[in-house]
Amino acid sequence: MDSGTLEMRIGKLDRRVLIERPVETQDEFGEPVKTWVTVATVWAEVTPLSGRELFAAQQIVPEASLRIRIRYRSDIDETMRITHDGKVYGVQHIAEIGRRDGLEILVRKPE
């Protein structure tokens, strides 16, 4: 996927997605427990990957199922997850759109 050919279409950011990052805390016995903290709730363009796009995406992400485009943020990475329409998706790949115009995020099927 060539991020130089990506185009950010702000008018298509018509879905709300929740971006979360993992945080390790301890339970009452001192054992590590992974929890999730909200980073942001943002407007996004959410597109299911078609058969052709999925085939192309498999070169990067074998299990990618959605392409999510958002305005540029510097605080997103592959350890995070995105919730859309009540389903949780793991972030698989992030590509910058333009020169910090936006981000294209490929996410995998719900966990």
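As the structure is a prediction and not an experimental result, all values here were calculated from the model.
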Return yes if some donor-acceptor pair links the side-chain N/O of T35 with the main-chain N/O of V23 below 3.5 Å, else return no.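 Yes, the answer is positive, given that a donor and an acceptor are paired below the 3.5 Å cut-off.
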
Same apolar cluster (I L V M F W Y, side chains within < 4.5 Å links), V33/W36: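 No: no chain of side-chain contacts under 4.5 Å links V33 to W36.
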
Spatial distance of atom [atom1] ([X]) from atom [atom2] ([Y]) [nearest 0.5 Å]:
| X | Y | atom1 | atom2 | answer |
| --- | --- | --- | --- | --- |
| I82 | Q92 | CD1 | CD | 11.0 Å |
| I105 | I94 | CD1 | CD1 | 5.5 Å |
| L103 | H93 | CG | NE2 | 10.5 Å |
| R71 | I97 | CZ | CD1 | 11.5 Å |
| L49 | L66 | CG | CG | 6.5 Å |

Should [X] and [Y] count as side-chain neighbours, where that means a heavy-atom distance under 4.5 Å?
| X | Y | value |
| --- | --- | --- |
| I70 | L13 | no |
| H84 | R15 | yes |
| D77 | V91 | no |
| R73 | V39 | yes |

Does the cation-pi check pass for R16 over W43, that is, NZ or CZ under 6.0 Å from the six-membered ring centre and within 45° of its axis?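 Checked: cation-pi criterion met.
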
Write down the atom of I76, the atom of M80, and the distance for their closest heavy-atom approach.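 Looks like CA-SD, 3.7 Å.
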
Among residues two or more places apart or on two chains, list those pairs meeting salt bridge (Lys or Arg N to Asp or Glu O under 4.0 Å) that have a residue in residues 20-29.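 Only E20-R81 qualify under salt bridge (Lys or Arg N to Asp or Glu O under 4.0 Å).
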
